[in-house]
Amino acid sequence: MNRRLLAFLALTILLLGAGCVESVERRTAMPTPTEPPEATTAAEEARFATQRRIMVETQIRARGVTDEAVLAVMAKVPRHRFISRELWGKAYGDHPLPIGEGQTISQPYIVALMTQHLRIRPGDRVLEIGTGSGYQAAVLAELTDQVYTIEIIDVLAKRAAERLTELGYRKVHTKIGDGYFGWEEYAPFDAIIVTAAPDHVPQPLVRQLKDGGRLVIPVGPLGSYQTLWLIEKKGDQLISTNLGDVIFVPLQRGR
Ligand code: SAH
């Protein structure tokens with residue numbers, strides 16, 4: 001090959017390369033009108049990812065959550081996408097946030113703590129009562145592909161179902177209804193998580209737990225602190241462990 005041909009080839013490769021880089025930049029800088037309203041730039045997403053890592057270290061690991069799989073999921077799931085855009089700046093703060101209809105998405109630490117105590121393995125069948133924003137369901141869906149979630153307020157249930165699909169959590173089964181009665185059709189479950197507080201443990205949920213299954217549930221009187229319980233079914237025995245005081249919205253009945 002002579003020198004002139006080599007120089008020509010090198011220049012062509014250089015120009016093609018530059019063309020590629022330019023088109024990638026253009027794509028990220030100018031979102032097309034068909035993208036959903038929640039679309040963010042790569043730089044914004046990178047900032048949120050950094051905030052998530054800080055959240056995991058300072059709010060969750062620092063308070064004693066040790067399960068690395070749970071910590072990794074908390075660092076991965078985009079919590080901001082489950083709340084309205086005006087609140088995105090607060091998405092990774094150490095507090096619950098409003099999600100409409102007088103309901104809230106739980107504090108990240110509580111989500112992680114409850115998830116850790118469910119001890120989910122891939123393939124486990126998990127039921128959540130109180131879908132709310134869908135955030136906790138997404139966290140569960142990162143740990144197993146069998147997630148079932150029930151929400152009593154239909155607008156929240158519909159919004160959460162849409163959001164879960166949009167974010168790629170297509171396998172989560174959602175339902176509008178009173179979670180007090182569980183989801184008989186898919187019982188028994190390896191784990192059940194209740195994210196609204198009843199004043200007693202619903203017996204249908206205990207019945208729908210597998211032998212060896214785990215139920216994590218806040219229980220307490222309306223308008224007060226509740227106790228978070230881990231209830232494990234071992235044969236015909238129930239072993240309850242007090243996980244501390246929490247504040248949840250009440251479990252509603254008969255809407
Ligand atoms: N897990 C949710 C937050 C839950 S807030 C999240 O990650 O965003 C508690 C939710 O429980 C509320 O959305 C409330 O409407 C719902 N809820 C209350 N009582 C219920 C019931 N009996 N059955 C199902 N959902 C209920």
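Both ligands and their constituent atoms are indexed starting at 1 by order of listing. Heavy atoms only: backbone and side chains are in, while hydrogens, waters and symmetry mates are out. No experiment lies behind these values; they were computed from the predicted model shown. Position 1 is the first residue of the sequence; numbering continues from there.
Between Glu128 and ligand 1, at least one N/O pair is under 3.5 Å apart. An N or O contact shorter than 3.5 Å is missing between Arg253 and ligand 1 by distance.
Within ligand 1, counting atoms from 1 as listed, the ones closer than 4.0 Å to a heavy atom of Ala196 are 11 (O), 18 (C). For ligand 1, the atoms closer than 4.0 angstrom to any heavy atom of Leu156 are 13 (O). Within ligand 1, counting atoms from 1 as listed, the ones closer than 4.0 Å to a heavy atom of Ile153 are 15 (O). Atom numbering of ligand 1 starts at 1 in the shown order; those under 4.0 Å from a heavy atom of Gly179 are 21 (C), 22 (N), 23 (N), 24 (C). Those atoms of ligand 1 with a heavy atom of Ile150 less than 4.0 angstrom away are 24 (C), 25 (N). Residue Gly177 approaches ligand 1 through these ligand atoms, each under 4.0 Å from one of its heavy atoms: 23 (N), 24 (C).
At a 4.0 Å cut-off, at least one heavy atom of Thr131 sits close enough to ligand 1 to count as contact. Note on ligand 1: Ala137 sits outside its first shell, no heavy atom being nearer than 4.0 Å.
Pairing each heavy atom of Ser133 with each of Ile105, the nearest pair is OG-CD1, 3.5 Å. Between Ala75 and Arg52, the closest heavy-atom pair is O-NE, 2.9 Å. Closest non-hydrogen pair, Ala112 versus Met74, comes out as CB-CG, 4.0 Å.
Using modelled atom types and a 3.5 Å distance limit, the side chains of Asp94 and Gln107 yield a donor-acceptor pair. Using modelled atom types and a 3.5 Å distance limit, the side chains of Gln208 and Tyr186 yield no donor-acceptor pair. Side-chain contact, Thr115 with Gln136: a donor N or O sits under 3.5 Å from an acceptor N or O.
The neighbour count for Arg121 CZ, taken as heavy atoms of other residues, nucleotides or ligands under 6.0 Å away, does not exceed 12. Counting heavy-atom neighbours within 6.0 Å of Ile239 CD1, excluding the residue itself, gives a total above 12.
Distance check, rounded to the nearest 0.5 Å: CG of Leu140 to OH of Tyr169 gives 10.5 Å.
Checking Asp178, Ile152, Ile110, Ile193 against atom 26 (C) of ligand 1, the nearest heavy atom belongs to Ile152. Counting only non-hydrogen atoms, the option in Leu140, Ile105, Thr104, Ile129 that gets closest to atom 5 (S) of ligand 1 is Thr104.
Among all non-hydrogen protein atoms, the one lying nearest atom 9 (C) of ligand 1 is Thr195 O, 3.3 Å. In this structure, atom 12 (C) of ligand 1 lies nearest to the protein heavy atom Gln103 OE1, 3.3 Å. The nearest protein atom to atom 11 (O) of ligand 1, hydrogens excluded, is given as Gly130 CA, 3.2 Å; this is a heavy-atom distance. If you check which protein heavy atom lies closest to atom 15 (O) of ligand 1, you get Glu151 OE2, 2.6 Å. The single protein non-hydrogen atom nearest to atom 19 (N) of ligand 1 is Gln252 N, 2.8 Å, given as residue, atom name and distance. Scanning the protein for heavy atoms near atom 8 (O) of ligand 1, the closest one is Ser133 OG, 2.6 Å. Here the protein heavy atom with the shortest distance to atom 7 (O) of ligand 1 is Gln136 N, 3.0 Å.
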Side chain to side chain contact (heavy atoms under 4.5 Å, CB included) between Arg79 and Leu97: does it pass, once the steps are laid out?
-> CA-CA 11 Å; Arg79 183 173 157 91; Leu97 286 166; 4.3 Å; yes
Please report the C-alpha distance between Ile110 and Phe248 in whole Å, then the side-chain angles of each, then the deciding distance to 0.1 Å, and finally whether the side chain to side chain contact (heavy atoms under 4.5 Å, CB included) criterion is met.
-> CA-CA 10 Å; Ile110 294 294; Phe248 276 82; 3.6 Å; yes
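With Trp183 as the partner, the side-chain contact (heavy atoms from CB on, under 4.5 Å) test is satisfied by one option alone out of Ile129, Leu205, Ile150: Ile150.
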